[in-house]
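Report on one structure; see the data block that follows.
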Amino acid sequence: MEEVSGVLSILSAMITPAVLILATGSLILTTSQRLGRCLERARKLTDLFEALFKEQVDPELLKQKKVIFINLMNKATRRAKLLQHAMVALYLALNIFILTSVLIGIFEILNLGLIYIPLYLALGGAGLLLYAAGLLMAEAKVALGAIYAEVGFMRSLGNHYMPGTAPAAGWFKRMF
């Protein structure tokens with residue numbers, strides 16, 4: 001009976017990192033989707049920027065449009081870099097959590113007293129999750145800044161073409 005209890009305790013210890021593996025996998029999936037949307041947006045901005053050179057509009061307005069598109073492309077690039085770094089951290093954490101689970105089993109089977117190694121690995125993986133979460137928060141802030149810039153530009157276009165019709169400044173930021 002003690003043998004069964006020991007096996008169950010080893011399996012329980014090995015399964016514990018599975019919760020972290022599942023959480024990391026979910027973050028990888030959502031971060032991958034965010035990165036895909038960010039890249040699609042960057043490509044769309046590139047197409048729109050190229051189309052600007054074909055427009056026959058007021059030179060001052062064209063200059064403003066170019067400035068906003070360059071700003072938005074810079075923000076898209078920053079977002080992509082943050083997301084890429086977050087993906088690397090998440091994949092490293094995933095590998096560490098899997099390794100932790102395997103090492104727990106190996107160390108118990110071989111009766112090695114090195115259980116602190118998986119513990120330190122798990123802490124390192126958790127640190128990587130924390131780092132990735134910080135990167136994802138920074139990316140969300142950059143994304144929101146891009147939305148603010150875009151809405152602000154649309155508001156200025158509205159004022160340019162139909163003076164007095166654009167909403168009061170700051171309305172979008174107050175929504176959040």
Side-chain angles (χ1 to χ4, degrees), residues 13-55 61-104 117-158 166-176:
M14 288 178 66
I15 291 173
T16 301
V19 175
L20 294 169
I21 291 168
L22 182 61
T24 305
S26 295
L27 280 172
I28 288 170
L29 179 63
T30 57
T31 303
S32 178
Q33 291 170 341
R34 286 166 73 172
L35 181 57
R37 285 193 307 270
C38 179
L39 295 176
E40 287 172 19
R41 180 66 179 144
R43 288 184 187 109
K44 178 77 172 170
L45 286 170
T46 301
D47 293 343
L48 291 170
F49 188 70
E50 288 175 0
L52 278 179
F53 293 99
K54 298 174 186 171
E55 284 187 22
L61 183 60
L62 184 61
K63 180 181 175 187
Q64 287 178 359
K65 282 184 174 184
K66 288 178 182 177
V67 167
I68 191 68
F69 276 108
I70 289 170
N71 182 25
L72 291 174
M73 285 189 284
N74 287 339
K75 287 183 185 299
T77 301
R78 177 81 176 124
R79 286 183 64 202
K81 285 180 182 178
L82 287 168
L83 289 167
Q84 186 264 335
H85 289 297
M87 291 288 287
V88 168
L90 290 170
Y91 277 117
L92 284 172
L94 180 63
N95 285 320
I96 286 173
F97 293 139
I98 292 169
L99 179 62
T100 298
S101 182
V102 170
L103 286 179
I104 288 170
I117 292 174
L119 174 65
Y120 292 147
L121 281 172
L123 288 173
L128 284 168
L129 278 180
L130 181 63
Y131 174 66
L135 291 171
L136 292 172
M137 287 189 305
E139 182 272 334
K141 185 175 180 178
V142 173
L144 191 57
I147 291 171
Y148 288 161
E150 217 168 330
V151 169
F153 178 67
M154 290 298 143
R155 190 170 40 252
S156 71
L157 276 182
W171 70 272
F172 186 76
K173 287 186 179 181
R174 285 193 303 267
M175 288 175 53
F176 296 98

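When reading the values below, keep in mind they use all heavy atoms of this one structure, side chains included, and skip hydrogens, waters and symmetry mates.
- Looking at N71 and I68, their side chains come closer than 4.5 Å, going by heavy atoms from C-beta outward.
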Query - Derivation and outcome, salt bridge (Lys or Arg N to Asp or Glu O under 4.0 Å), residues K75 and E139 - result: CA-CA 9 Å; K75 287 183 185 299; E139 182 272 334; over 6 Å; no
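- For the side chain to side chain contact (heavy atoms under 4.5 Å, CB included) criterion with I96, the lone passing option out of L99, L94, T100, I98 is T100.
- Note that CD1 of I70 is 14.0 Å distant from NZ of K65, once rounded to the nearest 0.5 Å.
- Around the NZ atom of K66, the shell of radius 6.0 Å holds more than 12 heavy atoms that belong to other residues, nucleotides or ligands.
- Here the closest heavy-atom approach between residue L45 and residue A76 is recorded as CD1-CB, 4.4 Å.
- Distance CG/L136 to CZ/R79: 11.0 Å, rounded to 0.5 Å.
- Note: R37 CZ to S32 OG = 10.0 Å, rounded to the nearest 0.5 Å.
- Smallest separation of non-hydrogen atoms from L82 and A138: CD1-C, 3.8 Å.
- Taking CZ from R41 and CG from L39, the interatomic distance works out to 13.0 Å, rounded to the nearest 0.5 Å.
- Atoms OG1 and OH, on T31 and Y91 in that order, are 9.5 Å from each other to the nearest 0.5 Å.
- Contact annotation: the side chain of L128 never approaches that of L90 to less than 4.5 Å [non-hydrogen atoms, C-beta and beyond].
- Within the 4.5 Å cutoff, side-chain heavy atoms of F97 are placed close to those of L129.
- Going from atom CZ of R78 over to atom SG of C38 covers 11.5 Å, rounded to the nearest 0.5 Å.
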